[in-house]
Every structure is written in C-alpha cells, then in structure tokens.
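What follows is a short report on a single structure.
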Amino acid sequence: MNKTRIYNAIVAAVFCVLCLAGCKKPAPIEKIDLTGEWHLVTFSAGEAEKMDVDVYIAFDKATDSFSIYQKIGEGHYTLHEGTYLLKNGILNGTYKDGATFACSYTVSIENDVLTMTSRDITPEEVCTYKRKAIPSEVKKDALDYGTKAETLIRFL
Amino acid sequence: MKRKLIVLSLTALAATLSCQKEVAEPAESASVSLSTKIVNDTQDALGNILAVKLNEGSEADFKNIEGLVAYEKAFTSIPGKEELEKKHGLDRWYLLSVGQDTDIEKFAQDVAEISSVSTVQFCKRIYNKIDRTSVPYEGAATKASSWAPFNDPMVGSQWHYCNTGDLSISPTAKAGADVNVKQAWKFCTGDPSIIVAVMDEGVKYDHPDLAANIWTNKKEIPGNGIDDDGNGYVDDIHGINFITNGAITWGKVGDSGHGTHIAGTIAAVNNNGIGVCGIAGGDDKKAGVKIMSCQVFDAKVSIGDYGSARAFKYAADNGATIVQCSWGYKAGFFKSDEEYVRKCPMEVDAINYFLDTDNCPNLKGGVIIFAAGNDEASMSGYPAAYYKNISVASIASDNLPAYYTNYGAGTNISAPGGEYYTGGKYSESGCVLSTLPYENSSTGYGYMQGTSMACPHVTGVAALGLSYMIKRGIKMDNNEFMSKLLTSVNDIDDLLNGEKTTLVGNNYGKLALSPYRKQMGTGTIDAWRFFMQIDGNPCLTAQVGKSQRLDITDYFGGCAGNLTYLEISISDEDKASLGLESDPEIAYGKLKIHPTKAGCGIIHIKAVAGGETLGTGTNDMGGMEINRDVAVISRYVASSNGGWL
C-alpha cells in the first residue's frame, strides 16, 4: 500500500469520526404512553372508593398536558390542569398555578393498569389507576381550581 | 278587700325593693311568689294589655279580677299542631285587656295572686331598627351591570350584591364588599316553595317588582270576611296586619317603606326588565322565594311583643321557614339571655315554636334572623342577641363597619347595610337600593341604610342557600344549616386598623376601627361560600410523618383564624386510622395534626359564632354554637395546592 492511500484512509477515518461526533444521537423512544384517561383505584390509605376519594387523570401527549378531576370527600369535583414530562419512566409535572407535583413518580403500565410510585419519599406512595373515560357529569360538575381559589380569596 | 289589696301592694313593693339589694331576712312566701310571677315592669309597656301564662293543666279563671274588660287565648290553636303548641306552652298564654283608667300594675298583682297563673308579663313595644328615612332612586334606570346575569336595569347600582369598587358608589368603595351572589346565581336563583316571613311594616305586595314573589294564602278566599282556613285571621291573603288584625297596609303618614325595602333585598323579581334584583328573586324562568308579610308596625304604631309572638306563630303555622326581623329593643335594654328570657317569655315561647316547626322538606326546623341594631353600641340588641337567633351587624361599601352598627357581644355575622357618609361624602349611592312603595318614592325604588338593610342580605342568602339545597336534594337540620351559614364568611379583621372617615356624632369625623376587631361576628356573609358549604366540604389532605397545619377556611370561612374554638375531638377509631399519637388542635386558625399512618378520619370541631362564650339562654349574652365535622385523609405525598399528584 503506498503512502498516499494510507494517508487517504486515515483522513477518511478521521472524517467519519468527526461526522459521527457531530451527529446528534437519536432520542430513545419513551416506551410508556400515558395518553388517555385513568381512574384511581387504590392509594396508600386503601381503596379509593371506600375512602370517598374519586380521582380521574387525563394525559395528552400531543400537548404534554394533564387534567385531574378530583373529589376527596364531599363537595364538587375540582379540576387541576398543567403540563407534564415523562422521561425514562419518570413523571414530573407542574400545575397551571405554578405548583409542582408533590414529587416525581415512577410509572408503569401493565394490562391497562397504570401504577405510579412516589420517588424519594419514604414510605412510598403507590397509586394504581385503571383506564376509564371521565364521565361527562364529572367534567360538568368540576370547578376549575383557579376559579374556586379566586372566588374564595376575594380580598382586597 | 281594700285592706287586702293594700297589704298585697305593700308586700309587693317590699319584695321589689328587696330584689335590688341583699335580703337580710327571708321574704314572705306570698310576696316572693308574686314578684317571681311578674317578670318585667311597665317601662315602655302597653298600658291596657297583659300577657298571662297558666300553670300546666290549669284552666283560665279571670272572671273576678277588678278592671278586666276582656280576655282571650293569645294564640289560635291549629289542628294538627296541638302537640307542638303544648310543648312550647303556647296553649297556656292569655291576653287580658283592661280599661284605660285601670292601674295596670295593680291589675298585674291581682292576676299574679291567682294560683293557676305562672307568669304575668307587661307587653313591651318593639322598635324599628332604622332612622326611618329613605332616598328615592331618581336616576335613569340604565346603570349597566357587567356582572349580573339579569336584565334588571338598576342592578348595577346594587353594589351590595357585587361591589366592583366603583368610586361613584362612595369615595372609599372597595371591590368585594358585598354578598358575592354573582357566582351563586350561576347555580341557583331561588325556589318558589320557600316562604320567608318579613316581620316589619307591611310589604307592598302589589309592587310590580315584588308581586310575582309574594306569598298567597290559597286556603283563604279574598274579601269574603271569613276565616276560611281557620287560622285565626280573616282574609289573610298575603299575610296579616297584627296591629289591626286586618289588611296589610303601607304608605300612611309615618310609614317608611321599611318592609317593602327589606322584601326587595330578599326577593325582588329578577330578570323581569324592571327595577332591581333580589338575592333569592328567581329569574324569568323560575320564580323566586315567596314573601309573607307579617305586619307589626303600622304608621307610627308599633305592636307590643305579644304581637310579635303571634307573628312568629302565624309564620310557623302558614308555611314560613325563615323569619326576617329588622326590629328589636335598644342595645342594653336587656343585658343577657337570662334577662331576656325571663322578661319576654311569651315571645321566647313563640320563637322556640317557630324554630321547632318543619315547613321545608329539606330543612328540619326554622331560622330566625334579626338586625343587631343601630345604637353604635358594643353589644347587639335583643331579641337579635338571643342565642337561638342570628344577629346581623352592618358594613358599608368600604367593607368596614358602618358608623351606626351595633357590634360585639351577641353579634353573629355581618352584611352590607349601607352608609350615607362613607369616605366623608354624603351620598345615597353608598346605601342599599331596593323596592319602596310609591308613597315613599315616586319611582318605586330607593335607598336606605341600617342593620335593618344588612339583615335581609343574610336572610336572602339563607333563602337562596335553602333553594340550592332543594335543587341538589340536600337535607339538614337548622343547627347544621346555621353553622354552615355563619361560617360562609369573609374575614374583615385584617382591615380593621386605623380609622375611617364617616359620620361621627353629628359631623364628619374619624371612626377608630380597632374596637371592631373580632366584634363583627364571624365575618361578612358570602353566598358562594355558602353554596360550597352546602355541597359538602372536601377532605383535608395531610401528609404522613409530618406535623402540619391544615387550612380550614373551607369549613370556617375567612374567620377561621379569629373564632373561639371550644372543642376539638376525634373518635379512637379515627385516631388509630390516622396514626395520631396526640390529639389534633387548632392553632392560629389552622388544624395542627401529625398523622403517622395513611388513613382517614373525622374531627369534630365546636366553635362560637360571635364572641368567646356560648349563649345558653340562661346566662350572659353569648355567641351561637357552630359545629363542623372536618374530614381528614392522610397520604404519603401532598402537593402544595391540594392537587392529587
């Protein structure tokens, strides 16, 4: 092999290395897709229905947004909205009013059951949800959290 | 006979004097008995009538009393209500009339001698709670409203329903100084099955902005001169005039339009394209609550308290669930519940009868709401201050106490009552706008100020809340209803610093605000909060493993930080469920709790609405008892805004 060919090979190799270094690695595809509507089944204190806790969560991947319809005890459902980020199976979120989720959650879906486990909290809060469409009467009844807060804190 | 009377008179006199100082020797049993039976004195009493109560099981025997002209049972017995009448002693009350020349005090002593008599009461006059002036509304009825869902052209001038802070109301008007009916009206505007008795001057029942919401006694045939329904009153189509036992009247010389004004705040017809709005006035698709006129003032004449007692019974017997009373005695006339109960037993018996009557399927019992009074006194007047009645103080358009309002002991809650002199400028626009008879205002509308005007705001919110309960299928008893009503408030204590400019004495001056701190009841009524309370309160969420203070304003309103809490308790089972190692407590208006397990429980909290001690009817002036059950759930996570994640 003559020197020119070796030189060209080295240059080509270096060129390839540089090209590869300059290329962005393709992002790993998030295997979990939360999109859809979910209904709380169990949480740390037990079965939600028995505890008079009723929570629906809707995730929209297209807009990275979530809507939570919750009624804990009596009264109206309250609507909490915001945006979320799911990365590597870890869920974080921020409510419309700027508050963040209580913590990050490790999420998994198996047989249409969504499990969310709190991270960095001991003991862990484990909540399970089943896929279920949010009833129209729940959506109709819900008071937007912002409205309720605004009308109750009226001064001045 | 004459010697006997002299002996008795002297003995009675001795007994009276002996009540004013320590008795050195035991009094004769006959004189003690007499002075105990005669419960009050003749100050401000009607001179020709006496109320007398018999012992249980006794028959009336008044025939031989010198000076007696006539006597009658004080209350008409209604078929089916005999048991309740007996329970509250109404069946044993009589009214004895004497001639004009009869010495009523001596007559009372003679009556007290009768062994079957337990109580002898002079009948006191009751008083209106306003200055009896109004200012007609004469502006163009086109003040647009950007907030009300109704087309009533004057609603934009009714700042007391929704105050936008428009300085044309007054120089110091504040946004939010109102009853917050704007949000509530989205859910409910009234219910025609609810009857509110307005105990006052006669209500002009044919006022075009009231007529559709006036109660009609369908069992009575108008104008036939017969008591068709047997309730003791003839032709009581929309109520009755208890002074004349005849037709309801208004517009005479001396009538102020007070009753009509009050009725309008509660139930002026909404969305009819004319005039003003009423808090529970309905809308054009569904009628509002119904007003029953129980007239106890006629021109310059006010009735004795036997008339108000009859009015309470009439309201109970004819379907009213709420009684609205903007009248009473001057502050200090009675200084304690014990004194009021002792000296006005007939009225108290009738009040208890009304409170014990179920006229609405969704509410067990009745509700009575009184104006606190306009004596600028640091105590409510009676009967408002009585622990079973709700006593309402007044705020102005600046969200501060009106200069005239009573406050302090016995006051349970506040509401807009208007003020002419807010901010140092005389203007009627800072007062309450409502309906008036044409005799008082050529337009049929006008302004008034007073705790008289504040009171119907609470009454209207109560009626609106009851309408909402019917719509939602919610039921409760009157104690729970009043607990929720009195905790559906916004706090104003943080505003009560410094001074405000208003009428002080006879001139503009500075009114110090600090004396009103924690003295305006639980706060200012909020209709929207009341709806939320009626719907039920969400659980408070606590985080396991942390000692934390939970916000209880959903349960106690804006006054949570200022209430006197008497009792906080939790069952052993719920305590174990939450893993509480120590009992929860309230500190600085927040619930302090430290759960160690995920679980749930109910915490029972008892507090006082107005003051630091509870009224019991047998002691000093006190506040009304509030009872709330606060549900708590504990989880391992808790977001800062209550969101589930």
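Quick note on labels: first sequence line is chain A, next is B, and so on, each numbered from 1. Here the structure is a predicted model, which is why all the values come from computation and not from measurement.
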Rounded distance [0.5 Å steps], [atom1] in [X] versus [atom2] in [Y]:
X        : Y        : atom1 : atom2 : result
B/Arg635 : A/Ser118 : CZ    : OG    : 9.0 Å
A/Gln70  : B/Thr541 : CD    : OG1   : 7.5 Å
A/Glu74  : B/Gln533 : CD    : CD    : 10.5 Å
A/Met51  : B/Ile633 : CE    : CD1   : 4.5 Å
B/Asp535 : A/Lys71  : CG    : NZ    : 9.5 Å
A/Tyr56  : B/Trp644 : OH    : CH2   : 13.5 Å

Need one label for [X]: side chain, backbone, both or neither, based on atoms under 4.5 Å from any heavy atom in chain B.
X        : value
A/Thr100 : backbone
A/Val53  : side chain
A/Ile68  : side chain
A/Phe43  : side chain
A/Phe66  : neither
A/Asp141 : side chain

Is atom [atom1] of [X] surrounded by more than 12 heavy atoms (other residues, nucleotides or ligands) closer than 6.0 Å?
X        : atom1 : result
A/Glu49  : CD    : no
A/Glu137 : CD    : yes
B/Lys471 : NZ    : yes

Specify the closest pair of heavy atoms between [X] and [Y], including all atoms of both residues, with the distance to one decimal.
X        : Y        : answer
A/Ser44  : B/Ser634 : OG-O, 4.4 Å
A/Ala99  : B/Ser640 : CB-OG, 3.4 Å
A/Leu143 : B/Met532 : CD1-SD, 3.6 Å
B/Leu645 : A/Tyr129 : CD2-OH, 3.7 Å

Item to check | Side chain / backbone / both / neither for B/Ala631 at chain A, heavy atoms under 4.5 Å | outcome: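 For B/Ala631, no heavy atom lies under 4.5 Å from chain A.
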Checklist entry - What part of B/Phe187 lies closer than 4.5 angstrom to a heavy atom of chain A: side chain, backbone, both or neither? => result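 Side chain only.
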Checklist entry - Of the listed residues (B/Ser639, B/Gly643, B/Cys600), which shares the most heavy-atom pairs with chain A below a 4.5 Å separation? => result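 Top count of heavy-atom pairs under 4.5 Å with chain A: B/Gly643.
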Checklist entry - Looking at A/Thr122, A/Asp52, A/Leu91, A/Leu40, which one has more heavy-atom pairs under 4.5 Å with chain B than the rest? => result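 Option with the top pair count is A/Leu40.
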